[in-house]
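What you see is a predicted model; the values in this text were computed from it and never measured. We number each residue from 1, following the sequence as shown.
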Amino acid sequence: MSTEIFGVRDLLESLVRLEQNGYNFYSEASKKFDDLEIREFFKFLAEEELGHEQLYKGLAEEVGSNVSNTSRSSYDEEYNEYLKSLVENSFDFNLDENLTDVKAVYKFALGLEKDTIIFIGEIRNLLPDFKKDIFERVEKEERNHIKLINDWYRKYIEK
């Protein structure tokens, strides 16, 4: 039985790592395509990830100093194990392997965005009033990224 408690700060720190992975992934993806419009699309996504990384770093620091441990331990062991699994299994990242074909790029990009939305949802579940407006905005941006990625795939890959 695990005694380690996972909470909002752990999720925010995981979001930082997801965004770092996203930045690296999108930056590398932008170099793999000859089409200027596709390259610019991936550069845009990379910059978005960089901005979110900085945001989550600041929020993680704020949570560390303002959220008490009692609020972190207010959920049961099963939920704690779920959070632990979520954190541990969201970082299967092999840049070379994921950039070998466009379908892999597409699937990985969608996975990054979906994982981020899941993490945001869990933070909102644990602390529903913590920076609610920020998380609503970022979640909307992540959903938009999924739409943009799907649009890119339909336009350039499924032609």
Q.
Distance check, rounded to the nearest 0.5 Å: L12 atom CG versus I123 atom CD1?
A. 4.0 Å
Q.
If you compare all heavy atoms of L18 against all heavy atoms of L112, which two are closest, and at what distance to 0.1 Å?
A. O-CD2, 3.9 Å
Q. Does one hydrophobic cluster hold both I118 and I146, with members joined at side-chain heavy-atom distances below 4.5 Å?
A. yes
Q) Are R39 and D35 close enough for a salt bridge, meaning some N to O gap below 4.0 Å? A) no
Q. Atom CD of E141 and atom CD1 of I117: how far apart are they, to the nearest 0.5 Å?
A. 11.0 Å
Q: Just say parallel, tilted or perpendicular for the rings of W152 and F33, cut-offs at 30° and 60°.
A: perpendicular
Q: Would you indicate whether the side-chain heavy atoms of K147 and R143 approach each other to under 4.5 Å?
A: no
**Q.** Qualifying side-chain hydrogen bond (donor to acceptor under 3.5 Å, both in side chains) pairs, either residue in residues 40-49, two or more places apart
**A.** E48-H145
Q) Which atom pair, heavy atoms only, marks the closest approach of F119 to S14? A) CE2-CB, 3.3 Å
**Q.** Aromatic plane relationship, Y106 with Y153 - under 30° parallel, 30 to 60° tilted, over 60° perpendicular
**A.** parallel
Q | Minimal non-hydrogen separation, I120 against Y56, with atom names | A | CD1-OH, 3.5 Å
Q: Determine whether L50 and I149 fall in the same hydrophobic cluster, where Ile, Leu, Val, Met, Phe, Trp and Tyr are linked whenever their side-chain heavy atoms lie under 4.5 Å apart.
A: no
Q: Go through H52 and V138 one step at a time and tell me if the side chain to side chain contact (heavy atoms under 4.5 Å, CB included) criterion holds.
A: CA-CA 8 Å; H52 291 162; V138 175; 4.0 Å; yes
Q.
With heavy-atom distances below 4.5 Å as the criterion, would you say the side chains of N150 and L110 are in contact?
A. yes
Q) Do D129 and K132 sit within salt-bridge range, that is, some charged N less than 4.0 Å from a carboxylate O? A) no
Q. Would you call E139 and R124 a salt bridge, taking side-chain N to carboxylate O under 4.0 Å as the test?
A. yes
Q: State, yes or no, whether a side-chain contact exists between F135 and L59 at a heavy-atom distance under 4.5 Å.
A: yes
Q | Test log, rule side chain to side chain contact (heavy atoms under 4.5 Å, CB included), inputs L55 and R137 | A | CA-CA 12 Å; L55 173 70; R137 176 182 55 83; 4.1 Å; yes
Q | Cluster check F44, Y23: I/L/V/M/F/W/Y, side chain < 4.5 angstrom | A | no
Q: Any chance you could measure D115, atom CG, to E19, atom CD, to the nearest 0.5 Å?
A: 10.5 Å
Q: Find out whether N125 and E122 are in side-chain contact, i.e. whether some heavy atom of one side chain is under 4.5 Å from a heavy atom of the other.
A: yes
Q. Going through the checks in order, is the side chain to side chain contact (heavy atoms under 4.5 Å, CB included) test met by F42 and S27?
A. CA-CA 7 Å; F42 283 116; S27 294; over 6 Å; no
Q: Decide, yes or no, whether a salt bridge links E28 with K32 under the criterion of side-chain N to carboxylate O below 4.0 Å.
A: no
Q) Quick one: do E53 and K57 make a salt bridge, cutoff under 4.0 Å? A) yes
(Q) Looking at K131 and E62, is any side-chain nitrogen of the basic one under 4.0 Å from a carboxylate oxygen of the acidic one? (A) yes
Q: State the OG-CD1 distance between S30 and I38, to the nearest 0.5 angstrom.
A: 11.5 Å
